[in-house]
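Remarks on the structure that follows.
What you see is a predicted model, and the numbers here were worked out from it, not measured in a lab.
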Amino acid sequence: MGQQEIGATDMTDDHYRVQCDCGLVTAVVGDLRPATCNHVKCYCKDCQAFAHFLGRNTDVLDEQGGTDIAQISAGRLTFRAGTDKVAGMRMSESGLMRWYASCCRTPIANTAASAKLPFIGLIAPFMTNGEDEGRVDAALGPFRGYGFVHGAKGDRAVPGRKHEGFLAIALQLARIMIPALLTGAARKHPFFDADSGAPISEPTVLSEAERVALREKVDADRL
């Protein structure tokens with residue numbers, strides 16, 4: 001996959017530079033605004049396990065174990081540099097693809113197992129490393145929903161859990177993906193080769209022992 005340097009001309013009012021902690025993996029997100037993204041927080045144990053897998057649980061997860069995610073259509077993200085540093089993992093053979101920068105173990109995103117479902121769930125640290133956090137927050141808008149709140153840790157209720165949940169998240173995600181499928185933009189998926197459909201980096205699938213060890217860390221973090 002070709003790479004291009006990010007220049008000033010790449011940046012407009014609705015285009016955002018994103019990158020890993022060390023700056024080797026860089027990308028641009030286009031047309032980012034509340035109408036084109038699904039800003040959610042996920043409390044599932046697999047997202048928590050992914051943060052522990054990277055050794056980034058203290059700066060990725062909030063105090064209740066939530067991960068800040070911006071779901072966008074696949075064509076809105078374009079890598080500019082460092083695709084050779086983009087690595088993938090799956091909690092199981094049927095699990096989501098979870099992508100990260102191997103250079104500094106910054107979480108990047110999660111995706112479906114193929115480009116046929118053209119969504120990307122960008123994870124907050126990758127987004128705010130490149131742009132001012134306040135600017136990104138304004139572009140994402142408020143949280144639309146809170147997923148898998150039964151996985152949240154602590155006694156305090158998750159904000160918004162009674163107002164918007166899985167249905168609100170699913171409906172907005174459909175609004176994002178359907179136009180991409182109809183227009184052919186789904187074929188422009190940065191994590192999958194356009195010709196072969198193969199992932200740009202073959203993901204590591206965790207063994208049962210590795211999954212158990214990570215879930216033990218998640219459970220210990222809840223105490």
Next on the checklist: The test is side-chain contact (heavy atoms from CB on, under 4.5 Å); show your working for V60 and L54 and say whether it passes.
Outcome noted: CA-CA 10 Å; V60 172; L54 297 174; 5.8 Å; no
Item to check | Intermediate values then yes/no, side-chain contact (heavy atoms from CB on, under 4.5 Å), V136 and Y16 | outcome: CA-CA 8 Å; V136 172; Y16 295 78; 4.2 Å; yes
Item to check | side-chain contact (heavy atoms from CB on, under 4.5 Å) assessment of V18 paired with T26 | outcome: CA-CA 6 Å; V18 294; T26 59; over 6 Å; no
Next on the checklist: Does V25 form a side-chain contact (heavy atoms from CB on, under 4.5 Å) with Q19? I'd like the steps, not just the answer.
Outcome noted: CA-CA 5 Å; V25 180; Q19 66 181 42; over 6 Å; no
Checklist entry - Yes or no on salt bridge (charged side-chain N to carboxylate O under 4.0 Å, His left out) for K217 and D219, after CA distance, side-chain angles and deciding distance? => result CA-CA 5 Å; K217 289 183 177 181; D219 289 340; over 6 Å; no
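In this structure, R144 CZ and Q71 CD are separated by 10.5 Å, a value rounded to the nearest 0.5 Å. Rounding to the nearest 0.5 Å gives a distance of 11.0 Å between CG of D132 and CZ of R17. For the atom pair I123 CD1 and R56 CZ, the distance stands at 10.5 Å (nearest 0.5 Å). Rounded to the nearest 0.5 Å, atoms OG1 (T111) and CZ (F192) are 4.0 Å apart. To the nearest 0.5 angstrom, H150 atom NE2 is 12.5 Å from Y43 atom OH. Between the CZ atom of R98 and the CG atom of L206 there is a distance of 10.0 Å, given to the nearest 0.5 Å.
The two atoms that bring M91 and L214 nearest to each other are SD-CD1, 4.4 Å, heavy atoms only. Nearest heavy atom pair, residue L32 against residue M127, reads CD2-CE, 3.6 Å. The minimum heavy-atom distance between C103 and K85, with the atom names listed, is SG-CB, 4.1 Å. The nearest pair of heavy atoms linking T128 to E133 is CG2-CG, 3.6 Å. Residue D59 comes nearest to P125 through the heavy atom pair O-CG, 4.4 Å, listed as atom of the first residue, atom of the second, then distance. Counting all heavy atoms, side chain and backbone alike, C37 lies closest to I72 at CB-CG2, 3.8 Å.
Residues H39 and D137 have side chains that never bring a donor and an acceptor to within less than 3.5 angstrom of each other.
Between D46 and R90 there is no salt bridge, since no side-chain N of the basic residue sits under 4.0 Å from a carboxylate O of the acidic one.
Looking at heavy atoms from C-beta onward, P199 lies in side-chain contact with W99 at the 4.5 angstrom threshold. Residues S73 and T36 form no side-chain contact, since every pair of their non-hydrogen atoms from C-beta on lies 4.5 Å or further apart. Looking at F126 and D21, their side chains never come closer than 4.5 Å, going by heavy atoms from C-beta outward. Residues D68 and D62 are not in side-chain contact: their nearest non-hydrogen atoms beyond the backbone lie 4.5 Å or more apart.
Between the side chain of R76 and the backbone N or O of I120, no donor-acceptor pair lies under 3.5 Å. Between the Q48 side chain and the G151 main chain, a donor and an acceptor come within less than 3.5 Å of each other. Although no hydrogens or angles enter the test, the distance criterion places no donor-acceptor pair under 3.5 Å between the side chain of T67 and the main chain of L61.
Put simply, M97 and I200 are part of the same group of oily side chains (I, L, V, M, F, W, Y) that touch within less than 4.5 Å, one to the next. Residues L96 and V205 do not share a hydrophobic cluster, defined by chaining ILVMFWY side chains whose heavy atoms lie under 4.5 Å apart.
Taking the centre of each ring, F191 and F79 come in below the 6.0 Å mark.
Taking the centre and axis of the six-membered ring of F53, the NZ or CZ atom of R105 falls inside the cone set by 45° and 6.0 Å.
In this pair, Y146 and F143 present their aromatic rings tilted. The plane angle is within the 30 to 60° band.
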